[in-house]
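Below you'll find the structure, written out as structure tokens, and then a few comments.
Every value quoted in this text rests on a predicted model; they were computed, and no experiment measured them. Sequence lines set the chain letters: A, B, ... in the order given, protein chains first and strands last, and positions in each chain run from 1.
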Amino acid sequence: MHIHNADIASVFSEIADLLELEEGNPFRIRAYRNAARTVETLAPSVEDLLQEGRDLSELPGIGADLAGKIAEIVHGGGTCALREQLRHELPEGIGTLLRIPGLGPKRVKLLYQERGIHTPEQLLRACEDGQLRTIHGLGEKAEQRILEAVQSRMSKTTRYSIALAVQLIEPLVRYLKQHPAVVRVEAAGSLRRMKETVGDVDIVVASRRMEEVTAHFVRYEGVGRVISHGPTRASIELAQGMQVDLRAVEPESFGAALHYFTGSKAHNIEIRTLALKRDLKINEYGVFAGEARIAGDTEESVFASVGLPFIAPELRENRGEIEAARDGKLPHLVQLSDLKGDLHSHTRASDGRNSLREMALEAQRRGMAYLGITDHARHGGWSVDADALARQADEIDRLNEELEGITLLKGVEVDILEDGALDLPDAALARLDYAIASLHTAFELSREKQTARVLRAMDHSSVCVLGHPTARLLTGRAAVELDVERVIRHARECGCALELDSQPERLDLNDSYCMMARDQGVLVAIDSDAHSVLDFDNLRYGIGQGRRGWLEKRNVLNTRTLGQLREVFDKHRTAVH
DNA sequence: GCCGTTTTCGGCCCGACTGTTTTCAGTCG
């Protein structure tokens with residue numbers, strides 16, 4: 001049985017929850033939460049690291065004890081003695097109550113002691129019967145809030161794609177900017193860090209008349225419900241259900257507040273710890289030496305106060321960025337404007353919504369030097385066969401003669417069959433500039449078979465790019481079982497690039513794997529996978545994810561000129577022959 | 001339970017809002 005990093009993280013999270021209910025040492029609890037986060041966001045499989053004999057206590061936040069517990073979980077089939085002991089000591093399922101907004105350890109404990117409640121279902125019944133308000137320390141309001149929270153938790157998802165969050169927030173930011181008392185507005189939080197999904201959005205506003213701003217905020221037409229509303233802080237739920245928190249500060253505190261609310265929490269704790277060592281205190285109002293405010297109007301000034309250069313928001317996950325900043329080794333992150341072209345797009349010849357010409361003209365308008373046309377080739381469904389590909393190639397030749405400043409590349413997105421062969425004859429591939437090979441079927445193969453399948457496809461001389469390598473969909477489908485570390489090593493050997501598909505539901509490769517590809521010197525193609533002219537806008541999300549993975553311009557295939565790109569493709573062909 | 005540019009022991013980020021607790025605990029971010 002393969003133990004995933006997420007399984008280990010989940011054991012640690014549960015231990016933290018249960019320790020919290022036992023009112024254990026808060027720092028011990030935090031250590032378990034930190035460890036859960038470290039393991040969860042780690043790209044290589046912890047199980048593999050163990051097999052290679054690596055010392056896990058080298059991981060940040062993992063010491064000898066937790067390294068031992070990880071080994072225990074891996075070898076013990078997914079659990080460890082501490083979790084089992086805690087589960088035995090506490091009523092079954094009580095940990096899940098902690099995830100209900102408004103309920104912390106004290107109240108959960110109270111609910112169990114006073115009314116024997118330890119499941120969401122029991123809690124729902126107790127709220128409906130009006131029992132909660134009779135408990136000392138709770139009242140009618142608390143009961144109502146908890147009832148709503150339980151109901152909404154049972155009915156809907158709590159995270160939104162980055163694209164949806166951006167769509168909802170941009171008009172709200174414009175609305176806030178209209179108010180005369182507003183000096184600056186910036187969306188912070190995980191949205192600013194470009195996380196693939198966001199749970200809620202934090203907005204920071206600079207103003208001298210803060211109460212007017214929070215009042216303006218809660219009057220926004222998109223508000224579904226006001227959760228809280230104070231003079232400097234307010235929370236709303238948009239009609240679509242997403243929570244938005246606004247925090248207003250004086251303009252001289254804007255940088256400190258922006259840094260504070262951008263997070264991540266782990267990054268902030270590190271920065272504040274650095275400040276403490278210099279006898280400084282950092283809060284959302286600024287950096288303080290005793291009573292004196294010495295910085296905070298800009299984020300740069302906050303970083304400078306602890307001796308660091310500016311760290312890009314996408315890096316702020318406490319994954320080594322602070323050490324890199326200290327050592328002058330921060331990456332020069334890739335930017336949207338570095339992209340010279342796009343290697344993955346669809347037309348009406350398969351499942352795209354625009355014609356070849358329309359796609360070409362849009363790419364030209366956006367200043368791309370090249371656009372790869374990669375319609376689907378597969379059995380059945382909307383796709384191109386060998387004949388259609390040949391006709392498309394002729395049309396591409398004609399358009400390339402006609403269009404200025406842009407070159408269309410003849411490509412295809414070919415399905416990888418279950419045995420790793422491609423779903424298109426070699427003769428049809430021969431006329432093309434390159435192929436993207438992707439998994440679109442047989443997602444359930446074992447890790448060994450899936451990995452072998454992908455490695456074989458990468459060895460085909462036409463396959464210069466492996467498309468959305470793990471085939472995950474953030475809206476539902478988990479990543480396939482795949483030894484991505486091995487795929488990356490293989491990519492290095494055969495000169496195949498790995499794709500970062502910019503569709504917000506994919507963002508595949510994810511940030512951790514991008515980091516791994518970067519470390520191995522494997523090129524990443526940040527592609528739109530556009531199915532219409534509008535989809536080129538998605539590149540911003542791919543760039544965001546790539547920046548989270550520390551990618552620099554040199555790590556990204558489509559920052560190359562057309563000539564350099566062709567050289568990379570040729571190198572792959574030579575390597576696999 | 002982790003960690004070390006004062007430390008292998010003694011620290012571990014900090015403030016706003018809500019509700020009900022007549023002075024502040026609990027929760028959240």
Side-chain angles (χ1 to χ4, degrees), chain A residues 12 15-16 19-20 23-38 56-70 82 97-111 132-146 149 188-190 198-204 210-211 214 218 226-236 243-249 253 256-257 259-288 302 306-307 318 323 326-327:
Chain A
F12 285 165
I15 289 174
L19 285 173
E20 202 151 24
E23 289 173 54
N25 176 351
F27 300 108
R28 185 182 177 211
I29 294 165
R30 198 166 83 191
Y32 277 100
R33 294 214 191 282
N34 286 341
R37 195 185 148 278
T38 297
L56 297 182
S57 68
E58 285 168 11
L59 296 171
I62 309 281
D65 183 275
L66 287 176
K69 287 214 170 61
I70 291 174
L82 176 60
L97 292 185
L98 282 174
R99 302 217 180 75
I100 293 169
L103 287 185
K106 298 280 165 55
R107 281 181 176 170
V108 168
K109 209 172 163 201
L110 193 66
L111 290 173
L132 253 57
R133 68 185 70 181
T134 64
I135 299 174
H136 183 73
L138 298 175
E140 212 171 314
K141 286 267 181 66
E143 184 179 85
Q144 185 60 28
R145 238 191 110 202
I146 291 168
S190 51
V198 302
D200 57 23
V201 176
D202 304 282
I203 295 180
V204 182
M210 297 179 277
E211 285 189 52
T214 53
V218 300
V226 177
I227 298 165
S228 69
H229 177 194
T232 65
R233 181 171 217 167
S235 293
I236 58 163
Q243 183 173 332
V244 184
D245 302 326
L246 178 133
R247 184 58 190 273
V249 294
S253 295
H259 178 259
Y260 182 82
F261 288 102
T262 295
S264 65
K265 194 169 183 161
H267 168 92
N268 285 355
I269 289 174
E270 280 301 305
I271 294 288
R272 286 177 180 216
T273 305
L274 284 182
L276 280 177
K277 286 177 186 158
R278 297 175 171 234
D279 277 331
L280 298 174
K281 185 179 82 168
I282 298 183
N283 58 28
E284 57 261 59
Y285 301 111
V287 182
F288 296 87
V302 176
V306 290
N318 194 26
E323 295 79 358
R326 186 192 59 205
D327 299 341

Let me check something: any side-chain donor-acceptor pairs from residues 269-280 of chain A under 3.5 Å, sequence neighbours excluded? List them with distances.
from	atom 1	to	atom 2	distance (Å)
Arg272(A)	NE	Ile282(A)	O	3.4
Arg272(A)	NH1	Ile282(A)	O	3.3
Thr273(A)	OG1	Ile269(A)	O	2.6

*Listed by chain and number, what are the side-chain contact (heavy atoms from CB on, under 4.5 Å) partners of Ala142(A), not counting sequence neighbours?*
Leu138(A)

Quick test: give all pairs of protein nitrogen or oxygen and nucleotides 25-29 of chain B nitrogen or oxygen below 3.5 Å, distance rounded to 0.1 Å.
from	atom 1	to	atom 2	distance (Å)
dT27(B)	OP1	Gly104(A)	N	2.8
dT27(B)	OP1	Gly104(A)	O	3.2
dT27(B)	OP1	Arg107(A)	N	2.9
dT27(B)	OP2	Lys106(A)	N	3.3
dT27(B)	O5'	Gly104(A)	N	3.4
dC28(B)	OP1	Gly102(A)	N	2.3
dG29(B)	O3'	Asp202(A)	OD1	3.3
dG29(B)	N2	Tyr260(A)	OH	2.7

*Using the test side-chain contact (heavy atoms from CB on, under 4.5 Å), find all partners of Ala16(A) that sit at least two apart in sequence or belong to another chain.*
Ile29(A), Tyr32(A), Arg33(A)

_Partner residues of Glu23(A) under the salt bridge (charged side-chain N to carboxylate O under 4.0 Å, His left out) criterion, sequence neighbours left out_ = Lys109(A)

*Nucleotide by nucleotide, 5' to 3', does protein get under 4.0 Å of the base (B), only the sugar-phosphate (S), or neither (-) in nucleotides 6-11 of chain B, counting heavy atoms?*
------

*What pairs with Glu211(A) under side chain to side chain donor-acceptor pair (under 3.5 Å), at least two apart in sequence or on another chain?*
none

If you restrict it to nitrogen or oxygen atoms, what contacts under 3.5 Å exist between nucleotides 1-3 of chain B and the protein, and what is each distance?
from	atom 1	to	atom 2	distance (Å)
dG1(B)	OP1	Arg28(A)	NH2	3.2
dG1(B)	OP1	Tyr32(A)	OH	3.1
dG1(B)	OP1	Lys69(A)	NZ	3.4
dG1(B)	OP2	Arg28(A)	NE	3.1
dG1(B)	O6	Asn25(A)	ND2	3.0
dC2(B)	OP1	Gly63(A)	N	2.6
dC2(B)	OP1	Gly63(A)	O	3.4
dC2(B)	OP1	Leu66(A)	N	3.1
dC3(B)	OP1	Gly61(A)	N	2.8

*Of all residues at least two apart in sequence or in a different chain, which pass the ring pair (Phe, Tyr, Trp, His ring centres under 6.0 Å) check with Tyr260(A)?*
none

*Contacts of Ser264(A) that satisfy side-chain contact (heavy atoms from CB on, under 4.5 Å) - sequence neighbours left out*: Arg37(A), Arg193(A), Ala266(A), His267(A), Glu317(A)

*Mind checking what makes salt bridge (charged side-chain N to carboxylate O under 4.0 Å, His left out) contact with Arg233(A), not counting sequence neighbours?*
none

*With Ser235(A), which residues qualify under side-chain contact (heavy atoms from CB on, under 4.5 Å), at least two apart?*
Ile227(A), Ser228(A), Gln243(A), Asp245(A)

_Nearest-angstrom distance from the residue atom NZ of Lys141(A) to C1' of dT20(B)_ = 10 Å

*Would you say dC13(B) has OP1 or OP2 under 4.0 Å from some side-chain N or O of Asn268(A)?*
no

